[in-house]
Amino acid sequence: MSRIEEIKRRKTFGIVSHPDAGKTTLTEKLLLFGGAIQSAGAVKSNKIKKHATSDFMEIEKQRGISVATSVMAFEYRGKKINILDTPGHKDFAEDTYRTLTAVDSAIVVIDVAKGVETQTEKLVGVCKMRDTPMIVFINKMDREGKDGFDLLDEIEGKLGLKVCPLSWPIGMGQRFQGVYNIYKKELVLFRAHGKQEGEAAIVITDLNDPILDEKVGEAAANELREEIEMISEVYPEFDVEKYEAGELSPVFVGSAINNFGVKEMLDCFVDIAPNPLPRETEQRLIDPFEELFTGFVFKIHANIDPKHRDRIAFLRICSGTFRRNTNYYHVRQDKKMKFAAPTSFMAAKKEVVEEAFPGDIVGLYDSGNFKIGDGLSEGEKIHFKGIPAFSPEQFRYVNNADPLKSKQLAKGIEQLMDEGVAQVFTKEINNRKIIGTVGALQFEVIQYRLKHEYGASCEYEPVGLHKAAWVDCDNAEALKEFTAKRKRDLARDKDGKLVMMAESAWSLKMAQETHPDVRFHFTSEF
Ligand code: G4P
C-alpha cells in the first residue's frame with residue numbers, strides 16, 4: 001500500500017468522558033469490533049480503580065500496565081483506527097488534556113442519567129480550542145435517565161456544542177426497545193448482551209410504515225414518530241463539513257455494556273471522522289501528505305517503579321514516513337537521533353515497528369532527551385504549536401527540605417516539569433517556587449520521585465490560589481501599569497512567560513476589568 005493510501009485510511013481519535021460514564025466499556029467494544037481483542041474484560045483490567053485514589057503507588061502500578069493501552073489500534077472496514085486513551089482518573093487530567101492535542105477527532109461519552117459532568121466539560125473545552133470534530137455517545141440507555149431532549153439541551157448549554165441526533169432511543173431503562181438509526185434509516189432492536197453482528201437491522205425509510213408498530217408496539221411507535229419529527233424541526237440536518245469544522249456534533253445513543261448502538265456509531269465514525277489533519281508549527285502548516293517525516297512528543301511516561309525505570313515518549317507522526325533506525329533531527333536539542341526499538345501499540349501488546357505513518361503514535365524509549373512538545377524532523381527547524389500547558393487548579397509553595405541537596409532539587413523539579421508531571425511558577429517578588437497541578441495526587445508523586453530519583457527532599461506549604469492566567473498585552477504602557485500594580489500576584493512559568501497567579505475568581509475578574517488592554521489566557525499558548 002502506498003504512503004498516500006496508508007494516510008487516507010487512518011483515523012486517530014480520543015474518547016473523552018467523566019469517570020464512570022463508560023469510556024473503558026466503549027473502548028473495549030470498539031476493539032472487539034475490530035478484532036483487536038478477543039474477549040470482554042481485556043481492557044477493563046487496566047482501568048485505574050476508583051478505590052485507589054489515596055494510594056498513588058497503586059495507581060502508578062496500574063498506570064504502568066496501562067501504558068500498553070495508551071494507544072490502541074485496530075482495523076475496521078479497511079481503516080486503521082488509533083484510539084488514544086485519555087486517562088479518566090481525575091488526578092491525571094493534564095496528561096489527558098495533552099493527549100487531546102494529538103487526536104484528529106473525539107467521541108464524547110455521556111451517562112444518560114448523570115448528564116454532562118465536570119470532567120466532560122473541561123475535556124470538551126480542550127477539544128474546542130482546536131475545533132476538533134466531536135461525536136457524542138449517550139450511554140447507559142438500558143437505565144432510567146434524563147429525557148432525551150433535555151439532555152440535548154444540556155449538551156448544547158453546558159458543552160456549547162451544536163448537536164444533531166443521528167440515532168434516537170425507543171424508550172429507556174426497562175422500556176428500552178432499541179434505537180432508530182436516523183443516519184441510515186434503520187430500526188435496531190435491543191437485546192441485552194445481544195450479539196449485534198448477526199442481527200439484521202430493519203430498514204425503515206418511512207416511519208409511517210406499519211412494520212414499526214409491529215416491532216415496537218403502537219404507543220412506542222407513535223412516540224418515536226413524534227420525536228423524530230420534532231428532531232427534524234428543531235435540529236439541523238447532518239452536514240459533514242460542519243462536523244469536520246467542529247461546528248456540528250452528531251449524537252448517538254446506546255448501551256456500551258450491552259454492545260448496543262455502538263456499531264451504528266462506529267460505522268458512522270468510519271464514514272465521517274477526519275483522516276490525519278495538518279498541524280500548525282510556528283514556521284508553517286505541515287500537511288500529512290508531505291514526503292518528509294515530522295512528528296511531535298505529546299506525552300512522556302516515566303515509570304516510577306524502581307524495577308522498571310523506563311521512560312517512553314509518545315510521538316505523533318504528522319507527515320512523511322517514520323522509520324526505525326533512521327537518523328532524525330531533534331529540533332530543540334539540535335542533534336540527530338535514531339530509534340532502534342520504536343513501539344506501536346496494538347491493544348494489549350507492544351510491538352516494534354519498522355515504519356509508521358501520519359496519524360500513528362509510536363513509543364520511543366527515552367533516557368531524558370525529550371520534553372513535551374518536542375519536534376522531530378528530517379532536518380527542518382520546526383516548532384509545533386497546539387501543545388500548550390493548561391492552567392493548573394491546585395497550587396502549593398515548594399520548599400527545599402535538605403539544603404545540601406538544592407542542586408538535585410532544582411534539577412529534579414526541572415526534569416519532572418519537562419515530563420509534564422506538573423508546572424512550576426516562580427514568583428516575581430521573592431523568587432519562591434509554586435508547583436501547580438491539576439489533581440492533588442501529583443504533589444505526592446513529585447515528592448516521592450524527587451526523593452527516589454534525585455535524592456532531594458521537598459516540603460509543601462499551602463498557598464491560596466485559584467488559577468494561573470498567562471498574560472499578554474500589545475500596549476506597553478498598559479502592561480507596565482498592570483505589572484506595577486499586580487506585582488505581588490505575578491510569576492514566570494518555566495519558559496519565562498508572565499503569569500498572573502489569581503487568588504480567586506473575583507480577583508481575576510477585577511484584574512480583567514481594571515486592565516482592559518491586558519489579555520488573560522488559561523493555556524500557555526495564545
Ligand atoms: P469509565 O471508563 O468511563 O470510567 O467507565 P467504565 O467503562 O468503567 O464504566 C463504568 C461503569 O458503568 C461500569 O460499572 C460499567 O460496567 C458500567 N457501564 C458501562 N456501560 C454501561 C451501560 O451501557 N449500561 C449500564 N447499565 N452500565 C454500563 P461498574 O459497576 O463500575 O464496574 P464493573 O463492576 O461493571 O466493572
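The first residue in the sequence is number 1, and the count goes up from there. Counting starts at 1 for both ligands and their atoms, in listed order.
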Closer than 4.0 Å to some heavy atom of [X] - which atoms of ligand 1 meet that?
X      : result
Thr24  : 1 (P), 2 (O), 7 (O), 8 (O)
Ser255 : 22 (C), 23 (O), 24 (N)
Thr25  : 6 (P), 7 (O), 9 (O), 15 (C), 19 (C)
Lys23  : 1 (P), 2 (O), 3 (O), 5 (O), 7 (O)

TODO: In plain terms, say whether Glu229 and Arg225 are close enough for a salt bridge, that is, a side-chain N and a carboxylate O under 4.0 Å apart.
DONE: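 So Glu229 does not pair with Arg225 through a salt bridge.
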Task: Electrostatic pair Glu144-Arg175, nearest N-O below 4.0 angstrom - done: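 A salt bridge is present here (some side-chain N lies under 4.0 Å from a carboxylate O).
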Kindly confirm or rule out an N or O of [X] lying under 3.5 angstrom from an N or O of ligand 1.
X      : answer
Pro19  : no
Asn139 : yes
Gly22  : yes

Task: Test item: His466 side-chain N/O and Ala502 main-chain N/O as donor-acceptor pair under 3.5 Å - done: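 No; zero donor-acceptor contacts below 3.5 Å.
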- [ ] Pick one of side chain, backbone, both or neither for how Ser17 approaches ligand 1, counting any non-hydrogen atom pair under 4.0 Å.
- [x]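 Ser17 to ligand 1: side-chain contact only, backbone stays beyond 4.0 Å.
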Open item on the list: Checking contacts here: is it the side chain or the backbone of Arg143 that comes within 4.0 Å of ligand 1, counting heavy atoms only? Could be both or neither.
Closed with: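 Looking at Arg143 and ligand 1, just side chain atoms fall under 4.0 Å.
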Open item on the list: For Trp168, run the ring pair (Phe, Tyr, Trp, His ring centres under 6.0 Å) check against Tyr235, Phe149, Phe252 and tell me which one passes.
Closed with: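 Exactly one candidate clears the test, Phe149.
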Task: Six-ring centre of Phe522, Lys467 cation under 6.0 angstrom, axis tolerance 45° - done: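 Flagged: Lys467 positioned over aromatic ring of Phe522.
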TODO: Would you check if Tyr76 and Leu30 make a side-chain contact, meaning some heavy-atom pair closer than 4.5 Å?
DONE: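 A side-chain contact is absent here, since even the closest heavy-atom pair is not under 4.5 Å.
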Open item on the list: Could you work out, for atom 24 (N) of ligand 1, the closest of Val262, Asp142, Asp20, Val112 by heavy-atom distance?
Closed with: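 Answer by nearest heavy atom: Asp142.
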Task: Phe390 ring center within less than 6.0 Å of Trp470 ring center - done: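 Ring centroids of Trp470 and Phe390 are no less than 6.0 Å from each other.
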